[in-house]
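For clarity, every value in this text was computed on a predicted model and none was experimentally measured. Here is the naming used below: chain letters follow the sequence lines, and residue numbers restart at 1 for every chain.
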Amino acid sequence: MVKVVLLPDNRVLELGKRKFKVSELLRELGMSTESAVVLRGGKPLFEWDVVGGDDEVTVYRAVSGG
Amino acid sequence: MRSRSIERSAEAKPLCAVCGAPAVVYLRFARRALCSKHFSEFVVSRVESMLRRAGLLREGVRILAAVSGGKDSSTMLDVMASLSRKHGFVVYALHIYLGLGEYSDHLLEATRALADKLGVPLIVVDVREILEGDGVPVFAKKVRRPECSVCGLTKRYIMNAVALELGVDAVATGHNADDAIAYLLKAFINQELEQLSKWLPYIPSSGSAVARVRPLYEVYEKHTLLYALLSSIPFTHEECPFRPRRSMEDVIKEMINRLEEQHPGIKVSFLRKFSRRTKVPSEGPAACRICGMPSQGDVCSFCRLTEKVYGEPLGPRARSYVKMLVARKR
């Protein structure tokens, strides 16, 4: 099960076992690849990287603020 | 010879275009991947170039960096602290405690930790000391104005007051490229054309208005966040509880990011053209007859609004409080 943690919203999504590219994940979340930083295991992913299986990724929305 | 080309497959990881180490970011507009070290250097070089264009990369220059504790201003302070060691200018950090509950506490905590880590002197102005115990949300409610508008007005007032008291050459704020474009397009859509020149990267001092510089003007918002994450600097990635959901600025940012995806580099190209073609307003603001701070009219907005709510204009009180804080730092 792919687990997605969305920050700063602090929301957690579970996206099943399928594989998808980071760019596809962001599109599904309504974001462009320029609007977020995606980390897996603390390391930034490229937009063409694939997530799947039991991956846990953190999506930091850049468009946010105080 | 080792290939440094970008392999867009799940298996191959791109290598840094400078040193060949595993890359952490692909800069689409530059068509190059960079490792953590060289990405940081890229951000530093953009800030360095902006400060050079503003004439601030000189020994003896003193800059007040306004730091909220969020990703942008924290990145700005980290970069400026390293540049100050290289070029011999002096950086002070200013944090304005706005009285927004736990959110403000987290921001202050992050700012203190960062200033300590960098060895930068920090001045903390608590607005409640000026507004008779009220934080910005209460002040906004009493004056019947949106929180963001009152917050911006209060912050600008305090930044300038501290800058004047310290006698610095400029105030630096953490606005990034995306912020500048979003505010520019919003002003254009609303036909507030007189607002456009406020979004230049550098606005020289004029009368009692201290010079403003935006060191992150050519750094994308995504990259200020990535810099903050990779350099492990203390910062808070929380949203202000009073921030409107899906503000016009947010919608514009998402639109320009989609445009950037299709036309890499368009954001920075737009800002460069805007900066080249826009002139700094020749007439600076007048001085408030009550507190002496910059004002569009006879009395500044801060004195006018505080008089309406608290029965007396609080500009002079704000300036005395700031004077006391600055004297403690000397």
Side-chain angles (χ1 to χ4, degrees), chain A, chain B residues 6-14 22-26 28 33 36 39 68-73 98 100 103-104 107 151 174 176 178-179 182 220-226 228-230 236-243 247 249-262 264 267:
Chain A
M1 187 75 79
V2 180
K3 190 175 164 190
V4 180
V5 180
L6 282 168
L7 295 176
D9 318 65
N10 262 324
R11 280 195 296 140
V12 179
L13 304 173
E14 288 185 340
L15 298 178
K17 285 273 186 191
R18 70 196 168 93
K19 287 184 172 182
F20 38 82
K21 285 184 184 172
V22 167
S23 57
E24 293 164 345
L25 166 69
L26 291 174
R27 201 175 309 129
E28 218 162 287
L29 296 170
M31 287 182 247
S32 80
T33 53
E34 292 293 319
S35 306
V37 173
V38 183
L39 303 186
R40 180 173 54 199
K43 292 193 173 154
L45 293 177
F46 296 94
E47 63 192 71
W48 57 83
D49 279 330
V50 173
V51 292
D54 291 320
D55 278 343
E56 180 172 332
V57 296
T58 308
V59 177
Y60 283 85
R61 186 157 47 82
V63 182
S64 65
Chain B
I6 305 303
E7 295 290 336
R8 289 177 185 243
S9 76
E11 293 78 28
K13 288 286 178 192
V24 294
V25 62
Y26 178 63
R28 199 197 289 261
S36 183
F39 169 70
S68 69
K71 67 183 192 307
D72 299 312
S73 55
L98 297 161
L100 308 174
Y103 174 65
S104 283
L107 289 170
C151 186
N176 57 51
D178 301 48
D179 292 330
Y220 290 178
E221 186 154 42
K222 176 178 175 173
H223 295 150
T224 67
L225 171 61
L226 187 59
L229 290 168
L230 291 173
T236 297
H237 195 52
E238 288 175 40
E239 283 200 307
C240 174
F242 294 93
R243 189 170 189 267
S247 63
E249 291 88 338
D250 284 1
V251 177
I252 295 172
K253 281 182 178 184
E254 199 53 52
M255 282 167 49
I256 56 167
N257 278 336
R258 290 195 191 281
L259 199 61
E260 177 75 24
E261 274 186 340
Q262 301 299 319
K267 290 195 289 190

Legend entry - Positive for salt bridge (Lys or Arg N to Asp or Glu O under 4.0 Å) with R61(A), one of E239(B), E254(B), E221(B): E239(B)
Inset, instruction - Can you tell which part of D9(A) gets under 4.5 Å to a heavy atom of chain B, answering side chain, backbone, both or neither? - result: side chain
Inset, instruction - Side chain from CB out, backbone as N, CA, C, O: work out which of these in F46(A) comes under 4.5 Å of a heavy atom of chain B, or both, or neither. - result: side chain
Legend entry - Donor-acceptor under 3.5 Å (K253(B) side chain, S35(A) main chain): no
What is the distance from atom [atom1] of [X] to atom [atom2] of [Y], rounded to the nearest 0.5 Å?
X       : Y       : atom1 : atom2 : value
L230(B) : L39(A)  : CG    : CG    : 8.0 Å
Q262(B) : S32(A)  : CD    : OG    : 10.0 Å
T58(A)  : L229(B) : OG1   : CG    : 9.5 Å

Inset, instruction - Please work out whether the ring planes of W48(A) and Y26(B) are parallel, tilted or perpendicular, with thresholds of 30° and 60°. - result: perpendicular
[X] versus chain A, the contacting section by heavy-atom distance below 4.5 Å:
X       : answer
L98(B)  : neither
D178(B) : neither
A182(B) : neither

Legend entry - From CA spacing to verdict: side chain to side chain contact (heavy atoms under 4.5 Å, CB included), N10(A), E238(B): CA-CA 9 Å; N10(A) 262 324; E238(B) 288 175 40; over 6 Å; no
Legend entry - Pick from D72(B), L107(B), V24(B), I256(B) with the largest number of heavy-atom pairs that fall under 4.5 Å of chain A: V24(B)
Legend entry - Side-chain heavy atoms of R28(B) within contact of T33(A), under 4.5 Å: yes
